[in-house]
Number of protein chains: 2
Amino acid sequence: MFPRETTIHDIARELNVSASTVSRALKDHPAISPKTREVIKAKAHEMGYRSNALASGLRTRKSSTLGVIVPRLNSYFMSTVLAGMEKAAVEAGYHLIIMQSFEMEEKEKENIRLLFNHRVDGLMVSTTSPASDPDYFEPFFKKNIPVIFFDRTPNNQEKYNCVTIDNKRAGYQLTRHLLKNNRKKILHVTGNKKIEVYRQRLEGYKLALHEKNLAFDPTLVWETGLGVDDGKQIAEKILKMPALPDAIFVANDTCAIAIMHHLQAQGIKIPEKIQITGFNNDPFSAFAKPALTTVNYPGEIMGKVTANSLIHLINTKHVEERPFHHILDFELLIRESTMNQA
Amino acid sequence: MFPRETTIHDIARELNVSASTVSRALKDHPAISPKTREVIKAKAHEMGYRSNALASGLRTRKSSTLGVIVPRLNSYFMSTVLAGMEKAAVEAGYHLIIMQSFEMEEKEKENIRLLFNHRVDGLMVSTTSPASDPDYFEPFFKKNIPVIFFDRTPNNQEKYNCVTIDNKRAGYQLTRHLLKNNRKKILHVTGNKKIEVYRQRLEGYKLALHEKNLAFDPTLVWETGLGVDDGKQIAEKILKMPALPDAIFVANDTCAIAIMHHLQAQGIKIPEKIQITGFNNDPFSAFAKPALTTVNYPGEIMGKVTANSLIHLINTKHVEERPFHHILDFELLIRESTMNQA
DNA sequence: TTGTATGCGTTATCAG
DNA sequence: CTGATAACGCATACAA
């Protein structure tokens, strides 16, 4: 019904050359004379030729495709990461296949399997699973297909290629900021503590407390989903506390803003009564009232660095000796305009 | 260096059957006896067999891959759309290749070309280009590879498959809401007017004015990039107006909130002095102070509907008679708690 | 500089 | 129900 695709053979026939010559000419192989190369290219264009990536991939064992697995697509932070990845990937001639794990380990495994079958040339993962040893990446490791974890990494980072920020230091600085403002009872609202990013932030929080000789109180660490709805529940729970905290260190902006909103709705003065900090520098954090102190998480750069590192690994055939760990710079954004410094 | 991949031939050899039998067994072909099917599947599993999507795609002329082109990845709305698409696609056995056009027509064309070469089975596009007749989709049309536009469609929607909301009606309702609040001078801050979504919203705005016998003043329609930075500039420009508007209908939440923020910083009372409405229902719009009246744009559903429609087109071999146009429901979210109704 | 021959792994066709 | 064979479109080793 639809005319067969024009192939290099069709071009070859038209020009009375061989298919290999056409193949070579089209990819600027040096062994082809400039003249014939131009002729072939012109003809190819004229005939509306399109290279068949599938055939090419089958032959070269390369799909020119990178796989990405993220817990969820719909967060601002994640989209900036993906934006950076897409740009870097396309510039290097790769496509991006993006999949969601929806915070389910089973789904993550399935995605890994599917991307493996799809013969991606490399894989970038922000892991759902806190598992200390994700052996379901074995097929990739065995075939030496590079895998890089970004943002949410497995627990033993030294075994894997990772791109992160120093979450511990960030957590430390945020907590320190609150302590400087004479806050004594700091609630820490965080995500799944088995996940490295959240564990690190908690470590930073503890360190800052320790430095000030303040006792760490485990009942002040609340594990949640960090979503908008969680924020509302947290606020309600806070209001029921016998003694309110005087500060809250929330592990992302979304939830921080939701908490703030609901506390304010109940008449709590922010930041006078309770000071709040977030994490991620969502665009709205600067517009919250009061503006939210947060950590600028360089999403686009993280995406770019991850993708470029992956492509580098793909291109360097020889096995890298040991995994690398890129730690990107973050930025503490202090936004309180009129705070009493201690 | 790395052991060759196990193929159906390897399995066939081990079991003394033919490769075709293995191939059939693995995809549950009815003509294979249940017994041998199970034996083959077990062996395949044992040998760590993985189907090669490239080879399969080359043979069947199907890549099991859907292409997506969007102007930018990093907006909340777009990520919800993609989240919906990814889910629907994976459920139907497809992968998603996502590309950005960065609001550049050239980039969009290049992406179309790349995805065509990559042999995607279908294409979903939120177009960058306001061009009335995007002939660079011709390769797809010619080969009868389905293309669906979502959100941002070409101008002559009747010629293409589209999934949208009724932007005109939404714009109309928002404007009407402002008029009901006795607003007389409504500034409309919008995106590129050549783009259908923005044109439609403007049409709705005009209609509402017309209905109230208010003259349409073209100088009250400002075209911008609708980003955070644009918001600041707009605010500054507003403050320089000889007579301030008493309402602003902004074509997205991000920009609306930015404008609101900067006007408030200059002492303008919102909504008393100037009432503002947004568009998209970004999660933060509910937390803005005051909360932003907006239109709930069903991103995830849009993604799901678009992907499912595309897959349907792929599966129905016969050419559809005419393009379809799915118009999704939106929801006007009125958020002003204490407004004086006219 | 170009051509020939072969194979990448799978599936469709046809035969048995 | 199963097997043999060819073909999908391209790229490469080798030959010329």
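The basis for the numbers below is simple: all heavy atoms, side chains too, and nothing from hydrogens, waters or symmetry mates. Note on naming: letters A, B, ... go to the chains in the order of the sequence lines (proteins, then strands), and numbering restarts at 1 for each one.
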**Asked** Which residues in residues 47-59 of chain B have at least one heavy atom lying under 4.0 Å from any atom of DNA chain D?
**Response** B:L58, B:R59

**Prompt:** Can the ring centroids of A:Y136 and A:F116 be said to lie less than 6.0 angstrom from one another?
**Reply:** no

**Message:** Are B:Y76 and A:Y76 an aromatic pair, judged by ring center distance below 6.0 Å?
**Reply:** no

**Request:** State the NZ-CG distance between B:K62 and A:L54, to the nearest 0.5 angstrom.
**Result:** 11.5 Å

**Asked** When the distance from CZ of A:R119 to P of C:dT10 is rounded to whole Å, what number comes out?
**Response** 7 Å

**Prompt:** Any salt bridge between A:K41 and A:E38, counting N to O under 4.0 Å?
**Reply:** no

Please tabulate the protein-to-nucleotide N/O contacts below 3.5 Å involving nucleotides 2-5 of chain D, giving atom names and distances.
| unit_1 | atom_1 | unit_2 | atom_2 | d |
| --- | --- | --- | --- | --- |
| D:dT2 | OP2 | B:S33 | N | 3.1 |
| D:dT2 | OP2 | B:T36 | OG1 | 3.1 |
| D:dG3 | OP2 | B:S18 | N | 3.0 |
| D:dG3 | OP2 | B:S18 | OG | 3.3 |
| D:dG3 | OP2 | B:T21 | OG1 | 2.3 |
| D:dG3 | N7 | B:R24 | NH2 | 2.7 |
| D:dG3 | O6 | B:R24 | NH1 | 3.2 |
| D:dG3 | O6 | B:R24 | NH2 | 2.9 |
| D:dA4 | N7 | B:S20 | OG | 3.4 |
| D:dA4 | N6 | B:S20 | OG | 3.1 |

**Prompt:** Could you give the CZ-to-C1' distance, from A:R61 to C:dG9, as a whole number of Å?
**Reply:** 9 Å

**Request:** For A:R13 and D:dG9, give me the distance from atom CZ to atom C1', rounded to whole Å.
**Result:** 13 Å

**Asked** Less than 4.0 Å between a side-chain N and a carboxylate O, is that true for B:E110 and B:R113?
**Response** yes

**Asked** Would you call B:E138 and B:K143 a salt bridge, taking side-chain N to carboxylate O under 4.0 Å as the test?
**Response** no

**Item:** Gap between atoms NZ and P, on B:K62 and D:dG9 respectively (whole Å)
**Value:** 17 Å

**Asked** When the distance from NE2 of A:H118 to P of C:dT10 is rounded to whole Å, what number comes out?
**Response** 14 Å

**Item:** Main-chain N/O of B:S63 paired with B:T65 side-chain donor or acceptor, under 3.5 Å
**Value:** yes

**Prompt:** Under 4.0 Å between a Lys/Arg side-chain N and an Asp/Glu carboxylate O for B:R152 and B:E103?
**Reply:** yes

**Request:** Would you mind reading off the distance between B:I11 atom CD1 and C:dT11 atom P, rounded to a whole angstrom?
**Result:** 11 Å

